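Since the structure comes first, as structure tokens, the remarks are kept for the end.
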There are 2 protein chains.
Amino acid sequence: MAQDLHQIKQGFIEGLSSISQFWGFPKGMGAIFAVLYLSAAPLSLDEIVEQAGLTKGAISTNVRALSRMGLIRPVIRFGDRKDYYEAETDFYKAIRAILKERQNSEFDRAVESVKLTLRELETGDSDPERVFMLERVRTLNTFFTTLDALFGAISRLDSLGANTIQTVLKILK
Amino acid sequence: MAQDLHQIKQGFIEGLSSISQFWGFPKGMGAIFAVLYLSAAPLSLDEIVEQAGLTKGAISTNVRALSRMGLIRPVIRFGDRKDYYEAETDFYKAIRAILKERQNSEFDRAVESVKLTLRELETGDSDPERVFMLERVRTLNTFFTTLDALFGAISRLDSLGANTIQTVLKILK
DNA sequence: TAGTACGTTTAGTTTATACTAAACAAAGTG
DNA sequence: CACTTTGTTTAGTATAAACTAAACGTACTA
């Protein structure tokens with residue numbers, strides 16, 4: 001016997017919650033996205049509250065984060081004061097947005113601190129330990145720079161889709 | 001005036017701690033890796049304790065995790081009961097190991113739950129809402145499958161290096 | 001201008017998790 | 001076999017983050 005839609009939906013919401021959590025985002029973000037993703041029409045905050053099982057405050061915060069990341073987008077309806085939101089269905093677009101988001105903030109600062117270490121090590125005597133550390137930090141810095149270029153390239157793409165990935169897969173093989 | 005090595009090292013340790021934290025790993029893991037990475041010789045647990053500023057328990061736990069992820073590796077010395085560890089310097093190798101690690105566990109189970117939702121939606125009447133949801137979940141599942149293939153390919157590579165990335169970068173551009 | 005319908009902010013609670021301190025286990029060594 | 005040296009496990013603590021409940025601000029409406 002086929003399960004009823006509501007039950008299936010609930011399972012899906014839980015699944016996306018776990019995935020969200022796994023990648024280091026709040027569980028609620030996954031839930032909200034799941035709710036919007038399964039809805040044909042844009043939903044208001046209160047409608048999301050109802051389905052996602054969180055309070056308005058949490059929804060408000062998470063919706064803003066999701067919106068900033070490009071995973072959902074606001075829909076304006078004239079003559080209606082409510083905010084509506086709908087899910088982005090182009091995930092490749094979303095990936096680019098997320099990478100762009102992550103590139104700023106914390107990560108950049110941390111990588112920058114490795115560069116700083118490098119500069120500090122470069123200005124010094126030729127103490128063998130210093131030379132050793134310099135070499136290692138230089139390697140790490142090169143690695144980070146490469147990764148940075150990769151992420152940057154991905155987030156600057158006009159289009160990134162399954163076909164691009166297929167091409168990349170061929171090279172990797 | 002050049003700073004002394006110890007001070008520089010400390011800065012580096014803090015930097016890697018932040019990066020570790022940013023990617024959703026314990027701060028201590030970054031610190032431990034940093035200590036080993038800057039050491040020319042393999043270090044014993046107690047030596048790591050001393051430099052990383054954590055207690056033996058924490059070091060023990062985190063070292064095991066790092067080892068499992070392939071970011072550090074144990075070094076056995078005959079006639080010495082201590083365990084020694086050294087940092088992996090081939091980061092591309094490490095990336096592959098991390099992806100492999102992540103592919104199992106939580107993530108797989110979560111993705112599997114999306115597949116389950118898909119199967120549940122497939123066995124049912126042609127209620128328009130069900131059809132809509134089916135279509136959406138199918139799209140998401142395809143996306144996950146593609147990502148899975150990508151990660152799988154990367155972790156199955158014999159060698160992944162800066163040159164491979166450069167090639168990929170060319171395609172992306 | 002009072003009232004209502006929103007979304008946001010805030011103060012406090014809950015929850016998850018990394019860590020500490022200390023007990024424990026195992027395996028030498030005298 | 002007691003004693004030391006080592007790593008692991010555990011019970012408890014500290015901390016960070018997400019969430020709740022409620023106050024608040026703002027703008028529309030009567």
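In the text below, chain A, chain B and the rest are named by the order of the sequence lines, each starting its count at 1. Every value quoted in this text rests on a predicted model; they were computed, and no experiment measured them.
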Spacing of A:Lys27 atom NZ relative to C:dT17 atom P, expressed in whole Å: 10 Å

For B:Ser60 and B:Lys56, indicate whether the former's side chain and the latter's backbone hold a donor-acceptor pair under 3.5 Å. no

Could you tell me whether A:Gly79 contacts a base, only the sugar-phosphate backbone, or nothing, with contacts defined as non-hydrogen atoms closer than 4.0 Å? nothing

Taking the side chain as every heavy atom from C-beta outward, state whether A:Tyr85 and A:Ile59 have any pair of such atoms under 4.5 Å apart. no

Roughly how many Å is it from CG in A:Leu54 to P in C:dG7, rounded to a whole number? 15 Å

The single option from B:Val35, B:Asn62, B:Leu66 passing side chain to side chain contact (heavy atoms under 4.5 Å, CB included) against B:Ile72: B:Leu66

A:Phe22 CZ to C:dA16 P, in whole Å, measures 18 Å

When the distance from CZ of A:Arg77 to C1' of D:dC28 is rounded to whole Å, what number comes out? 19 Å

Distance in angstrom units between A:Leu43 CG and C:dG7 C1', rounded: 16 Å

Is the distance from the ring center of B:Phe91 to that of A:Phe144 below 6.0 Å? no

Are any protein N/O atoms closer than 3.5 Å to N/O atoms in nucleotides 6-15 of chain D? If there are, list each pair with its distance.
| from | atom 1 | to | atom 2 | distance (Å) |
| --- | --- | --- | --- | --- |
| D:dT6 | OP1 | B:Lys82 | NZ | 3.4 |
| D:dG7 | OP1 | B:Asp83 | N | 2.9 |
| D:dG7 | N7 | B:Lys56 | NZ | 3.0 |
| D:dT8 | OP2 | B:Ser60 | OG | 2.7 |
| D:dT9 | OP2 | B:Arg64 | NH2 | 3.2 |

Short question: side chain of B:Ser20, backbone of B:Leu16 - any donor-acceptor pair under 3.5 Å? no

Atom CD of A:Gln21 and atom P of C:dA16 are separated, to the nearest Å, by 8 Å

B:Asn62 CG - C:dA18 C1' separation (whole Å): 8 Å

For the residue pair A:Phe143 and B:Tyr92, does the interplanar ring angle fall in the parallel (under 30°), tilted (30 to 60°) or perpendicular (over 60°) class? perpendicular

